[in-house]
Amino acid sequence: MKPEDMNKADFFTSIFLFLLGLIVFIISIRMPTFRELGANPYSAPGIVPMILGVIIVIMGAILFTRSVISKGYKISLSFQGLKLFFKNNSIKRLFIALFLSVFYVILLGKINYFLLTTLYIFLFVWSFELKTKKTLFFALLEAVLIAACISYVFRYLFLVTLP
């Protein structure tokens with residue numbers, strides 16, 4: 001990627017990161033604090049996401065400033081440019097990952113957690129690897145093991161009820 005294209009990519013990425021961090025921050029503030037149960041305020045589930053949201057906002061602002069200084073905001077759109085953009089393999093992979101992740105979130109709580117997580121990981125790994133029988137087997141094995149580990153850790157170590 002050419003440096004001037006990188007500045008344009010940084011410009012859009014910075015806006016996305018800033019908004020993402022802001023949304024994470026706002027949602028984490030709205031999470032329960034368990035003060036009514038007499039819990040330590042630092043044990044609230046929204047503390048870590050709130051800190052991460054603030055960090056993402058700061059990093060997004062720094063990237064935005066850097067991209068504006070490098071004139072990344074000067075964008076010229078054309079049909080041919082958009083066509084090339086959507087033919088790029090990296091963009092196709094981004095949309096596949098986004099599609100799988102959105103449907104995972106939508107189905108979370110409606111389907112058994114272990115089954116949904118296994119399916120999500122399997123489809124994610126399989127969609128980015130060569131589609132051979134060996135890859136299918138290892139993708140399924142990896143998905144089952146990871147989903148089992150996540151389920152075990154959250155249920156028995158963190159004592160969190162999974163959807």
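When reading the values below, keep in mind they use all heavy atoms of this one structure, side chains included, and skip hydrogens, waters and symmetry mates.
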Any side-chain heavy atom of Met59 within less than 4.5 Å of one from Leu17?
-> no
Start with the C-alpha gap between Met50 and Ile29, add the side-chain angles, then the distance that decides, and say whether side-chain contact (heavy atoms from CB on, under 4.5 Å) holds.
-> CA-CA 7 Å; Met50 182 176 61; Ile29 285 177; 4.0 Å; yes
Verify same cluster id: Ile62, Val54 (apolar side-chain graph, 4.5 Å) = yes
Enumerate donor-acceptor pairs with a distance under 3.5 Å from any side-chain N or O in residues 113-123 to protein atoms, sequence neighbours excluded.
residue, atom, partner, partner atom, Å
Thr117, OG1, Tyr104, OH, 2.9
Thr117, OG1, Tyr113, O, 2.9
Thr118, OG1, Phe114, O, 2.7
Tyr120, OH, Ser101, OG, 3.0

Any side-chain heavy atom of Phe128 sitting closer than 4.5 Å to one from Ile96?
-> yes
Under 4.5 Å between side-chain heavy atoms, hopping through other hydrophobics if needed: is there a path connecting Phe12 to Ile56?
-> no
Can you tell if the side chain of Leu140 reaches within under 4.5 Å of the side chain of Leu136, non-hydrogen atoms only?
-> no
So, Phe99 versus Phe103, ring centres under 6.0 angstrom or not?
-> yes
For Leu100 against Ser127, the heavy-atom pair lying closest together | CD1-OG, 4.1 Å
Are Arg66 and Asp10 side-chain neighbours, meaning at least one heavy-atom pair lies under 4.5 Å?
-> yes
When every non-hydrogen atom of Ser67 is compared with those of Ser14, the smallest separation belongs to OG-OG, 4.2 Å
Please check if Val24 and Leu108 belong to a single hydrophobic cluster, counting links between Ile, Leu, Val, Met, Phe, Trp and Tyr side chain heavy atoms closer than 4.5 Å.
-> no
Going hydrophobic residue to hydrophobic residue with side-chain gaps under 4.5 angstrom, can you get from Phe137 over to Leu145?
-> yes
Check whether Leu141 and Trp126 end up in the same hydrophobic cluster, where Ile, Leu, Val, Met, Phe, Trp and Tyr are linked by side-chain heavy atoms less than 4.5 Å apart.
-> no
Report yes if the side chains of Ile27 and Pro49 come closer than 4.5 Å at any heavy-atom pair, otherwise no.
-> no
Mind checking whether Phe18 and Phe64 have ring centres under 6.0 Å apart?
-> no
